[in-house]
Amino acid sequence: CSSGNGFPNFRRKPVIIIVVGMAGSGKTTLMHRLVAHTHIKNIRGYVVNLDPAVMTLPYASNIDIRDTVKYKEVMKQFNLGPNGGILTSMNLFATKFDEVISMIERRADQLDYVLVDTPGQIEIFTWSASGAIITEAFASTFPTVVAYVVDTPRSEDPTTFMSNMLYACSILYKTRLPLILTFNKVDVAAHQFALEWMEDFEAFQAAASSDQSYTSTLTQSLSLVLDEFYNNLKSVGVSAVSGAGMEAFFKVVEASADEYMDTY
Ligand code: GTP
């Protein structure tokens, strides 16, 4: 393999897609849609669920943290609250993650994508040691990308948009993996405004200037800072409900995987 990642046996397939998003962004619905799309289009997918606390998943997973770690028992045994329970469950699972990687490696020739669902409390995955261990285990074995799910209608407000982009930026810096801004719910609000704001900071500043508050001034200054961040990003508009944008999503994933092979 001629990629820059330095691992001699690094494969081009499967591509790992780690799906993260703020609560309510539509992550679960989108996972469901992506899984359905792979079935319809005969794309060879594999599904990993890393959320120990989810009660029911609307789609079938091939590897499920809940089969190994019982979240409620972890809470009881270690006398933890809900977030501590999720974190400790992930820590326990991370110690066995080499087995997950081996399982995927054994099937690598028959797989195009591995879709990875993460806990609803995004920071538990993005800011924990176990989240970092799991991400690195994937990324040192397969091309790995992060799909950051954005609630598009909620982001029409410039200040909310900026907060969301800063969070995405922090994930990019933390994981150092190709990040795909996945603008969800485009059936409710098209993501054109976001593309314009990302391409032209003056357009964003004009939108933000209608609000004279302190945060608006800060928002305008930050838009200059984020200009460089946007240059390194790929984005796509999707609707988990209508199914719009699925082909485009997988195209962007492929482009990001190529970028991974060239850069990492
Ligand atoms: P948590 O389970 O809290 O982490 O939320 P989540 O990010 O997994 O979101 P979920 O999939 O539960 O969706 C949240 C709400 O958004 C639900 O009411 C969904 O029906 C709705 N939703 C998700 N995707 C879309 C979409 O593409 N379009 C529309 N109109 N609604 C959506």
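Indexing begins at 1, ligand by ligand and atom by atom, following the structure's order. Nothing fancy with the numbering, it's 1 onward along the sequence.
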Look only at interatomic distance and state if [X] has a nitrogen or oxygen under 3.5 Å from any nitrogen or oxygen of ligand 1.
X: Ala23; answer: no
X: Leu30; answer: no
X: Ala240; answer: yes

request  = Would you mind finding which of Gly26, Ser242, Pro58, Pro153 brings a heavy atom closest to atom 9 (O) of ligand 1?
outcome  = Gly26
note = To atom 8 (O) of ligand 1, the nearest of Val19, Thr28, Val54 on a heavy-atom basis is Thr28
[atom]: nearest protein contact (heavy atom, Å):
atom: atom 32 (C) of ligand 1; answer: Val241 CG2, 3.6 Å
atom: atom 22 (N) of ligand 1; answer: Lys185 CE, 3.7 Å
atom: atom 24 (N) of ligand 1; answer: Asn184 ND2, 3.2 Å
atom: atom 20 (O) of ligand 1; answer: Thr29 OG1, 4.4 Å

Against heavy atoms of [X], which atoms of ligand 1 measure under 4.0 Å?
X: Asp187; value: 26 (C), 27 (O), 28 (N), 29 (C), 30 (N)
X: Ser239; value: 27 (O)
X: Gly120; value: 4 (O)
X: Val188; value: 30 (N)

[X] atom [atom1], neighbour heavy-atom count above 12 within 6.0 Å:
X: Arg176; atom1: CZ; result: no
X: Lys41; atom1: NZ; result: no
X: Asp67; atom1: CG; result: yes

Steps toward side chain to side chain contact (heavy atoms under 4.5 Å, CB included) verdict (Phe125, Thr135) = CA-CA 9 Å; Phe125 186 77; Thr135 304; 3.6 Å; yes
ask   = Could a heavy atom of Gly24 be found less than 4.0 Å from some atom of ligand 1?
value = yes
task = Assess Met22 for proximity to ligand 1: is some non-hydrogen atom of it under 4.0 Å away?
result = yes
Tell me if a side-chain donor or acceptor on [X] pairs with a main-chain N or O of [Y] at a distance below 3.5 Å.
X: Asn83; Y: Ile124; value: no
X: Arg66; Y: Tyr71; value: no
X: Tyr260; Y: Ala139; value: yes

key: Joint cluster assignment, Tyr167 & Phe229, ILVMFWY side-chain distance < 4.5 Å   = yes
request  = Taking atom 17 (C) of ligand 1 as the reference point, report whether a protein heavy atom occurs under 4.0 Å from it.
outcome  = no
task = Report yes or no: do Asn49 and Tyr59 form a side-chain donor-acceptor pair below 3.5 Å?
result = no
request  = Please confirm whether Phe250 and His37 have ring centers closer than 6.0 angstrom.
outcome  = yes
